Protein chains: 4
Amino acid sequence: MKVCGMQSRERILAAAEEVFASKGLRGARVDEIAARAQINKRMLYHYFQSKEDLYTAVLKANFERALAATSQASKSKEDPREQAVEAIKTYFYFLARNPNYARLVSWEALEGGLYARRVLPPIWEEGLPRLKAILEDGMAKGVFRTDLDVRQVLTSVNTLCISYFTQKDILAILWQDDPTRPENLEKRLKHILDLVLRSILLIKG
Amino acid sequence: MKVCGMQSRERILAAAEEVFASKGLRGARVDEIAARAQINKRMLYHYFQSKEDLYTAVLKANFERALAATSQASKSKEDPREQAVEAIKTYFYFLARNPNYARLVSWEALEGGLYARRVLPPIWEEGLPRLKAILEDGMAKGVFRTDLDVRQVLTSVNTLCISYFTQKDILAILWQDDPTRPENLEKRLKHILDLVLRSILLIKG
Amino acid sequence: MKVCGMQSRERILAAAEEVFASKGLRGARVDEIAARAQINKRMLYHYFQSKEDLYTAVLKANFERALAATSQASKSKEDPREQAVEAIKTYFYFLARNPNYARLVSWEALEGGLYARRVLPPIWEEGLPRLKAILEDGMAKGVFRTDLDVRQVLTSVNTLCISYFTQKDILAILWQDDPTRPENLEKRLKHILDLVLRSILLIKG
Amino acid sequence: MKVCGMQSRERILAAAEEVFASKGLRGARVDEIAARAQINKRMLYHYFQSKEDLYTAVLKANFERALAATSQASKSKEDPREQAVEAIKTYFYFLARNPNYARLVSWEALEGGLYARRVLPPIWEEGLPRLKAILEDGMAKGVFRTDLDVRQVLTSVNTLCISYFTQKDILAILWQDDPTRPENLEKRLKHILDLVLRSILLIKG
DNA sequence: GATGAATGAGAATTCATTCAT
DNA sequence: GATGAATGAATTCTCATTCAT
């Protein structure tokens, strides 16, 4: 019985992404992935060598999607400040629209980054590359503080954005509210931008 | 053969903390815990009802330790600004000295916080309670901006501190340096304090 | 994409012979055979009913080849002694040139001879038939000892020749030398002939 | 439910020997071994790391048994001829009493000797060491031909003995008789001794 | 003739947990 | 308190065979 629409390989990848994001590599079950993809478990091994191989493919696809979504951000703006705002905004909303991404990255980080590191060094190492360029440009142009530790700033921005989504279950309980509601997303983004801009701008506006 | 020193129960807890922190609830193996604790696996079930029960005990002990370490911080200071600095510093160095804590909390968050929530609501919900009080006090005293969203600030401080430790494997690769070296810890703490203070202080000093 | 030269059926048989000889019926994989034959796995089932059916065809072809190669041996000679030498030589060099044969026969023997027995009784039972006739002729003519147990001699000759090839991997290690090098083949054949002739000739020459 | 008598580990080894001898490493099923040993499959992995590890243990035990059974043979005799007879006899009857040995060795040889080689080189390489010493001694004493190729003789004796047992299924069909009946065993041994002695003795008696 | 995708039955291995002593 | 042996259910992966085109 053939299921129409997406081809098998695509369906497997999509199902695997959901399950790996939800439970991590260790917690994910091949059976669950196969069931979700509506394929025979055997087919999974037709398209991928192993659970790990499939996981790696999912990671790779996600990193590439993230890179594609963020690499062009803010190219239209001229002012470093506006560019930084645009870059962070783009990243934040990419995470909001792709909830699997933040979780995959977080599981992977806790597991030591073995898989990401092994097969995806170029992508993984890029981490917010657009923002890095903007910061350096802004520092050169005298818009941003010149004593910025770019590493620290990048680490903080990444963390401030990503953790919001990986911790949403817990924030939901603490706040008794859904952190992913549009208003809450906006509030969070506003807070992050405020935090970051106050810290990097040379003269406070 | 009896192993002297710590009693069995304590050794089990210590071993379990290491293993759960390293691999999460799902990835941890009861056999490995027993082996590390140098006890027969059966004894583990003498002291704890199940793997989950043991995990819960480990979580509880960790939260209590965190609370104890941070709840008294900055009681000696009077100035809200200094108190905030002291509170963040205390939390940050607690994390540095207790690397298992950040990892346990992160695994738990990714798993949905089921165990933490079920048995430890009072502790879990406290989340940086001391800092919350300080912020509110500082706002009342006119030292901090009055339009602060305390929730957002707490979330950010927590994230900025904790993620540094959960991502240390990956940062080590990106930076080609050990993020937990004393100098690097200081740099990170300085950056976090700078970021947060610039954001919460009413008038920049 | 059609691969020219040998037709599909022939290529399947050739590939199957290699794989069955190398790994036995149980160890052989249909996938590997199809890949080697450069055909779609489905075609294999077009030409043969099952893996066992293919295996049987391979066995049959091999027995027929062995029979053809040895049945005419030594017909030109008159002296039973020379005929025996010629028969053994022919068999030995057939095995040297057809390394798959000895292995197929050995796997089959260990598996109980089920397939060979079931479909190829006439061929299988012949076992060195030419030599049997020569021995009986030589005994009648007073050239060979008359108290020979023909069964035993046939069994021994067969074994002495075949095992050399099935054990070549192990001999290679023990001897630190390649048993299939021309010089080594000659040495072995000379030894076998010496062993057998000393045993069957009435008067030692 | 505990099964008395042999301990679990011994029962597993005994069952595994039967199954591996009967079907080879590849054909053997862990389930069948566990069932025969009357243990839970899980226990098998308690005592042995893997199927391969168990197989290796079986091989090792068999080689050691063979060595123990044959290494002392013919120590009481003085005459090289009698010693050779005794050594071959001992080996032949060891094989008759331990039908698993010949089959294990033959499967292993066909598989390339990977396992035997990897873990048991000293034993494996000994192969009929007693007979080798006897032959050399006999040559030195002028009892055996001095142009003997010891390698060839050892290979032949080994093959003549072992193959009789690995091919017994096929011989049973060809002969319409049970090759392992005492009379048949004696006949075979007599034939082998006749073959070998005629070949190695300097002067025929 | 030819093909890529599909499948159910089973293979080895792992795991948390408990029994007998 | 302490222990070695035992277990059933699950988990990843494999294989010969067939379907739809």
Side-chain angles (χ1 to χ4, degrees), chain A residues 1-3 7-9 11-12 25-34 37-54, chain B residues 1-3 7-9 25-34 38-55, chain C residues 1-3 7-9 25-34 38-55, chain D residues 1-3 7-9 11-12 25-34 37-54:
Chain A
M1 153 209 45
K2 261 205 180 160
V3 181
Q7 291 313 308
S8 294
R9 193 170 191 284
R11 286 210 316 283
I12 295 171
L25 172 57
R26 273 174 160 130
R29 295 288 159 248
V30 169
D31 281 295
E32 189 183 349
I33 294 173
Q38 290 181 270
I39 49 126
N40 183 287
K41 203 186 354 176
R42 182 65 188 78
M43 285 314 290
L44 198 152
Y45 290 93
H46 180 70
Y47 291 109
F48 302 93
Q49 294 193 329
S50 65
K51 187 185 177 183
E52 278 74 22
D53 185 40
L54 173 56
Chain B
M1 159 204 45
K2 262 200 183 165
V3 180
Q7 289 313 306
S8 294
R9 192 172 192 281
L25 170 57
R26 274 176 158 128
R29 297 287 159 251
V30 170
D31 281 287
E32 189 183 349
I33 295 173
Q38 290 181 270
I39 49 121
N40 185 283
K41 211 181 351 175
R42 187 63 189 81
M43 286 313 293
L44 197 151
Y45 288 94
H46 179 72
Y47 290 110
F48 302 93
Q49 294 191 330
S50 66
K51 187 186 179 184
E52 279 73 22
D53 185 38
L54 173 56
Y55 175 70
Chain C
M1 156 204 46
K2 264 203 180 162
V3 180
Q7 289 314 307
S8 295
R9 193 171 192 282
L25 171 56
R26 274 175 158 129
R29 296 290 158 250
V30 170
D31 281 287
E32 190 183 348
I33 294 172
Q38 291 182 271
I39 49 121
N40 184 282
K41 211 183 350 177
R42 187 64 189 79
M43 285 313 294
L44 198 153
Y45 288 93
H46 180 72
Y47 289 110
F48 302 93
Q49 293 191 332
S50 65
K51 187 186 178 184
E52 279 74 20
D53 185 38
L54 173 57
Y55 175 71
Chain D
M1 157 206 45
K2 261 205 181 159
V3 181
Q7 291 312 310
S8 294
R9 193 171 190 282
R11 286 211 317 283
I12 294 172
L25 171 56
R26 274 176 158 128
R29 295 288 159 249
V30 169
D31 280 294
E32 188 182 349
I33 294 172
Q38 290 181 271
I39 50 127
N40 184 287
K41 202 185 356 175
R42 183 65 188 79
M43 285 314 290
L44 198 152
Y45 290 93
H46 180 70
Y47 291 109
F48 301 93
Q49 293 193 331
S50 65
K51 186 184 177 184
E52 278 73 22
D53 185 40
L54 174 55

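A quick note: this is a predicted structure, and the numbers were derived from the prediction, not measured. Just so we're on the same page: letters track the sequence lines, and every chain starts at 1.
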Kindly give the atom pairs (protein nitrogen or oxygen, nucleotide nitrogen or oxygen) under 3.5 Å for nucleotides 9-13 of chain E.
from, atom 1, to, atom 2, distance (Å)
E:dA12, OP1, D:Val30, N, 3.1
E:dA12, OP1, D:Lys51, NZ, 3.4
E:dA12, OP2, D:Val30, N, 3.3
E:dT13, OP2, D:Tyr45, OH, 2.5
E:dT13, OP2, D:Lys51, N, 3.0
E:dT13, O5', D:Tyr45, OH, 3.4
E:dT13, O4, D:Lys41, NZ, 3.0

Rounded to the nearest 0.5 Å, what's the gap from CG on B:Leu54 to CZ on B:Arg9? Could you check?
9.0 Å
Value rounded to 0.5 Å, distance of CD in D:Gln7 from CD1 in D:Ile12:
11.0 Å
Does B:Ser8 have a side-chain nitrogen or oxygen under 4.0 Å from the phosphate oxygens OP1 or OP2 of F:dG1?
no
Distance test, side-chain N/O of C:Tyr47 to OP1/OP2 of E:dG1, below 4.0 Å
yes
Distance, rounded to the nearest Å, where [X] contributes [atom1] and [N] contributes [atom2]:
X	N	atom1	atom2	result
A:Ile33	F:dC13	CD1	P	10 Å
C:Leu44	E:dT3	CG	C1'	14 Å
B:Leu25	E:dA16	CG	C1'	12 Å
B:Phe48	E:dT17	CZ	P	13 Å
A:Ile12	F:dC13	CD1	P	14 Å
C:His46	F:dT21	NE2	C1'	16 Å
C:Ile39	E:dG1	CD1	C1'	12 Å
C:Glu32	F:dA16	CD	C1'	15 Å

Distance-only donor-acceptor pairs under 3.5 Å for side chains of residues 41-50 of chain B, two or more places apart:
from, atom 1, to, atom 2, distance (Å)
B:Lys41, NZ, B:Asp31, OD1, 3.1
B:Ser50, OG, B:Glu52, N, 3.4
B:Ser50, OG, B:Asp53, N, 3.1

Identify the two heavy atoms, one from D:Gln38 and one from D:Arg11, that lie closest to each other, and give their separation to 0.1 Å.
O-NH2, 3.5 Å
Expressed in whole Å, how much space separates the C1' atoms belonging to E:dG1 and F:dT21?
13 Å
Of all residues at least two apart in sequence or in a different chain, which pass the side-chain hydrogen bond (donor to acceptor under 3.5 Å, both in side chains) check with A:Arg26?
A:Glu111
What would the secondary structure line of DNA chain F be in dot-bracket form, counting Watson-Crick and G-U wobble pairs under 3.5 Å, with [ ] for pairs that cross earlier ones and | for pairs with another strand?
.||||||||||||||||||||
